[in-house]
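Here's the structure, in structure tokens; my notes come after.
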Amino acid sequence: MHLHSFPHICLFLLVCLASWIPRISTTNIPQDEQVSDFFGRHESGSGHTNNWAVLVCASRYWFNYRHMANALGMYRTVKRLGIPDSNIILMLADDVSCNARNKFPGRVYAEAGRHLDLYGDNIEVDYRGYEVTVENFIRVLTGRMDPSVPRSKRLLTDDRSNIFVYMTGHGGNEFLKFQDNEEISAFDIADAFEQMWQKKRYNEILFMIDTCQANSMYSQFYSPNILATGSSEIGENSYSYENDYDIGVSVIDSYTHYVLKLMEGINKTSQTSMQDLFNTYDPIKIHSNPGVRSDLFKRPLDKTLITDFFGGVAQAEVFPPEEPEILATLTQTDSPASTHASPKVEPISHITSPSLNATTMPLAVSQADEWAIPWRTFRTWTSVAVVGLLVAWVSTR
């Protein structure tokens with residue numbers, strides 16, 4: 001053997017080593033971790049698989065135009081960031097777009113230039129007018145609905161749901177008025193959230209409210225995984241941002257205006273965090289002191305993405321492999337001896353193909369895994385043996 005061919009042999013050996021080392025490393029990775037890597041993990045660590053929004057304008061009458069614009073601005077933002085109408089509950093106590101005093105019928109604007117119509121043709125109002133009551137709001141949150149209520153008016157969340165709750169209207173110290181007719185207190189909302197937690201109706205909640213003395217509305221919260229923010233402290237008013245002289249009233253509140261202004265620069269893939277949002281709060285511009293309560297929230301705010309609440313997600317929940325005891329139970333239910341005394345078994349949720357039998361699919365997968373592991377071991381050691389023979393041959397030459 002000539003010395004000039006030695007580099008080629010070394011290169012060949014390196015290729016052989018590179019071919020079997022990755023296979024050894026992949027066989028040591030647990031199956032559930034490989035599946036999780038394939039589907040992808042949520043970068044912020046929220047663990048949620050779906051997003052919902054409950055948007056409430058609790059004020060009636062034409063001079064409260066800005067409150068409806070607040071709610072519709074949030075509605076447009078969450079839809080733009082990916083939450084579908086089926087996951088949004090929109091409650092509007094008054095329809096100013098059809099008010100006789102509206103110079104622009106069928107339209108609602110949130111800025112004096114009137115560049116963007118918030119009402120438009122693609123809006124779905126779930127609760128309108130006198131349907132917007134404290135009782136209906138609590139029923140939406142807790143899920144205590146009459147069977148006749150359609151699915152479009154229900155908050156169909158689970159323990160993997162992140163919920164954005166936004167409220168706007170006229171309020172005071174620990175209360176918010178509904179249509180100048182009734183009030184909801186901070187205790188009512190706190191107890192409703194606790195019912196939701198007990199019934200596993202949410203993973204995390206972002207509560208945002210724009211009203212006078214807004215920060216008092218989250219002072220009574222005691223359930224976990226709730227992040228809350230408001231527009232003004234106790235004793236402070238929440239002021240409007242600007243007037244439209246053609247419409248004749250204020251068209252949006254300052255706090256909501258600056259929140260929506262930040263949202264306009266965010267898309268579905270944005271890495272902007274909730275801390276970034278809170279850092280933009282400027283009491284001089286807003287004319288009040290916005291507040292944040294995060295002691296019930298377990299994740300750091302700089303790691304919590306805005307899109308965890310304002311955006312839609314496409315996450316897959318990965319279930320662990322079935323336990324041998326469950327598989328044995330499934331096979332026993334198919335045997336003739338267990339026809340009369342077979343325990344009730346819940347369907348396997350992660351099998352979606354109708355052409356596969358739910359009782360035989362896990363067995364087929366487990367048999368394939370039993371063959372795969374010895375074959376990988378055999379292939380690995382065969383590669384090692386070949387490399388060893390090559391090294392021995394080179395050394396003798």
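The structure presented is a predicted model; accordingly, all values stated were derived computationally and were not measured.
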Checklist entry - Going through the distances and angles, do Asp302 and Ser273 end up as a side chain to side chain donor-acceptor pair (under 3.5 Å)? => result CA-CA 5 Å; Asp302 58 346; Ser273 68; over 6 Å; no
Checklist entry - Mind checking whether His287 and Tyr239 have parallel, tilted or perpendicular rings, split at 30° and 60°? => result perpendicular
Next on the checklist: In terms of relative ring orientation, are Phe297 and Phe309 parallel, tilted or perpendicular, with 30° and 60° separating the classes?
Outcome noted: tilted
I need the minimum non-hydrogen distance between [X] and [Y], along with the two atoms involved.
X      : Y      : result
Ser240 : Ser250 : OG-OG, 3.3 Å
Met74  : Phe310 : SD-CE2, 4.1 Å
Val140 : Leu155 : O-CB, 3.4 Å

Item to check | Test of ring centre spacing under 6.0 Å for Tyr258 and Tyr241 | outcome: yes
Checklist entry - With ring centroids as reference points, do Tyr166 and Tyr75 lie under 6.0 angstrom apart? => result no
Do side-chain atoms of [X] reach the backbone of [Y] as a donor and acceptor pair under 3.5 angstrom?
X      : Y      : value
Glu233 : Glu236 : no
Asp210 : Asp253 : no
Glu135 : Arg139 : no
Asn243 : Tyr245 : no

Checklist entry - Is it true that the NZ or CZ of Arg160 lies under 6.0 Å from the centre of Tyr202's six-membered ring and within 45 degrees of the ring axis? => result no
Next on the checklist: Asp85 vs Lys79, test: salt bridge (Lys or Arg N to Asp or Glu O under 4.0 Å). Steps then yes/no.
Outcome noted: CA-CA 7 Å; Asp85 263 320; Lys79 281 190 65 175; 3.0 Å; yes
Item to check | Short side-chain donor-acceptor distance under 3.5 Å, Thr133 and Glu182 | outcome: no
Next on the checklist: Test of understanding: with side chain to side chain contact (heavy atoms under 4.5 Å, CB included), list the residues that count as partners of Val249, not counting sequence neighbours.
Outcome noted: Trp62, Tyr65, Ile247
Checklist entry - Does one hydrophobic cluster hold both Tyr119 and Leu116, with members joined at side-chain heavy-atom distances below 4.5 Å? => result yes
Item to check | Residue pair Glu264 / Arg80, side-chain heavy-atom distance below 4.5 Å | outcome: yes
